[in-house]
Amino acid sequence: MAKPDLPKSAINPRREEDFPEWYQQVVRAGEMAEPSDVRGCMVIKPWGYGVWENMQRALDVMFKATGHRNAYFPLFIPLSYMQKEAEHVEGFAKECAVVTHHRLELNAEGKMVPASPLSEPLVVRPTSETIIGASYAKWVQSYRDLPILINQWANVVRWEMRPRLFLRTTEFLWQEGHTVHESEAEARAETRQMLDVYETFARDFLAVPVYTGEKSESERFPGAVQTLCIEAMVQDRKAIQAGTSHFLGQNFSRSSGIQFQTRDGQQAFGWTTSWGASTRLVGTVIMMHGDDDGLILPPRIAPTHIVIIPVMPKPETRDAVLTAANDLAAKLRAINWHGTPLEIHVDQRDLGGGIKSWEWIKKGVPLRVELGPRDLESGQVAVTRRDEGQKTKRFLPASEFVSQVVETLEAIQQNLYARALTFRATHTRRIDTREEFYDFFTPKNSAKPEIHGGFALAHWNGSREVEEKVKADLKVTIRCIPFDDPLHAPEAGHCVITGEPSKRRVLWAKSY
RNA sequence: CGGGGUGUAGCUUAGCUUGGUAGAGCGCCUGGUUUGGGACCAGGAGGUCGCAGGUUCAAAUCCUGUCACCCCGACCA
């Protein structure tokens, strides 16, 4: 671009200017996904799907390591199954897609119309507790059949009003674990264990620090006894739920008839759990780490770790540069990182170096390496880290780069996590007065709200009324009641809204 | 589903008030010069102006209806 007013950042608008628009532009510029012709549904493009695949792989390993196996259950759920659990069906009724016919026929006007009504409508699964419960009821006879520890990778449909790429789409991809246990304690332990898996995954792979805790009753999964969650703060300081784990008690086993004979010969209902994480994680990563030049992918989930850009200014050096680039790629691919070979891409396209660089910047590739004729002579490469500023190119000997590349990737991963943790700490506040609470969550410019607020740790009297009032006034909700840990130990105080006694602080925020 | 807004090329849009052959930038294609952080020159392709109807000699422009999308509310991983 020859314009004198050339933007300094690759993404317009910048985050501070208009965060939602920035997000959409990043998704697009990074070729992660695009809206489809089907309202509310998205096309996940190869780069975005590659990120999801890496998330899947990592989570799958963790699920297997905790004794789970994968299976697959039907997309369609008979309406009568959904109705078995009263709270459950009530919670999901408004967002169910319903299949009522099974055949198309030409009508008199030559248009295809649904022809054969189903005897019983089928609901496209918004989640699978009921259909999986029906199978489990058949599989479980004795305590010897327990526990059942199964996960499925699937798509689900929730007919949402407001779609946002990756964050809230009508159809989305996820995994849902469904387990049955002999005892309440075992099921509760499972619920907590899987939440810990999500927390570890978020930290180690996504470089996302999360709050862990329990949902208040009003935010609980429909039909659950207890819902645990991980909540992250993204760069507009809103909270995003990145994973949930539910203790379902015996609610679903009663409604599905999951019964077994106990060790002492009694009939008992199983104790079930379910837990899930979705493609929303992709959106979380984008909003967590991206900057005004686009995506920044944590190395551990980046589809490509390193892109090598051969610089070929002259035809006579072209072959030598290409050969050197591919040799370097081969050396790097021979390196294993966390059990798999490094993913290296040599961008040989006949395009200007700047164009190529910017493309990979916007896609968030952790490391870019430029290799040109001058480097061949000096044995150097030019390396740029995506998590550092625009112009932080370093020249270093190729052999040194190769020998240190693993450390460098680890450093990027750590840096992203540390940065996110600092950001969250900066915008998390313990608040003890109603005035400060309202001030914290009220933008200065109500016409075009600036990025404001964050996480508030404040006391709560435990009532649903207070939650509803705060939500009505400020659009702020309790994201979680943090677990007991050294940082968030129970602490007596007074409800920030009513002044009534409170045993602990809870986490408040605006949320996605 | 309520309230507001917008539909013109792949994207961003001008033109609409005052009807008269649909323009630009970016992107794309071809050739050449280029290539170490968003290059340049020349040529080229691409638009039923969301859709349907109406008014008119004539509609992107005026009228009616309709659909889609966006923003705000109620719901959500």
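Naming: A, B, ... by sequence-line order, numbering from 1 per chain.
Within 4.0 Å of A:K362, counting heavy atoms only, lies at least one base atom of the nucleic acid. Residue contacts for A:G276: at a heavy-atom cut-off of 4.0 Å it reaches no nucleic acid atom on any strand shown. Among the atoms of the strands shown, only primed sugar atoms or phosphate atoms (P, OP1, OP2) are found under 4.0 Å from some heavy atom of A:R28.
Using a 4.0 Å cut-off, some side-chain N or O of A:K475 falls inside it from OP1 or OP2 of B:rG73.
For the C1' atoms, the distance linking B:rU33 with B:rG47 amounts to 33 Å, nearest Å.
In this structure, the nucleotide among B:rA77, B:rU35, B:rG36 sitting nearest to the side chain of A:D350 is B:rU35. Nearest nucleotide to the side chain of A:K471, out of B:rG36, B:rC75, B:rU34: B:rC75. Nearest to the side-chain atoms of A:R280 among the listed nucleotides B:rG36, B:rG37, B:rC76 stands B:rC76.
Nucleotide B:rA68 forms a pair with B:rU6, judged by Watson-Crick or G-U wobble geometry with both contacts under 3.5 Å.
Between A:G354 and A:F92, it is A:G354 whose nearest contact on RNA chain B lies nearer the 5' terminus. For the pair A:R158 and A:I11, both in contact range of RNA chain B, the more 5′-proximal nearest nucleotide belongs to A:I11.
Residues A:T304 and A:I344 fail the side-chain proximity criterion, which asks for heavy atoms closer than 4.5 Å. Residues A:T428 and A:Y211 form a side-chain contact, since some pair of their non-hydrogen atoms from C-beta on lies under 4.5 Å apart.
Ring planes of A:W508 and A:W460: perpendicular class, angle over 60° (limits at 30 and 60°).
Atom CH2 of A:W358 is surrounded by more than 12 heavy atoms from other residues, nucleotides or ligands within 6.0 Å.
Protein atom CD of A:Q24 is 8 Å distant from nucleotide atom P of B:rC70, rounded to whole Å.
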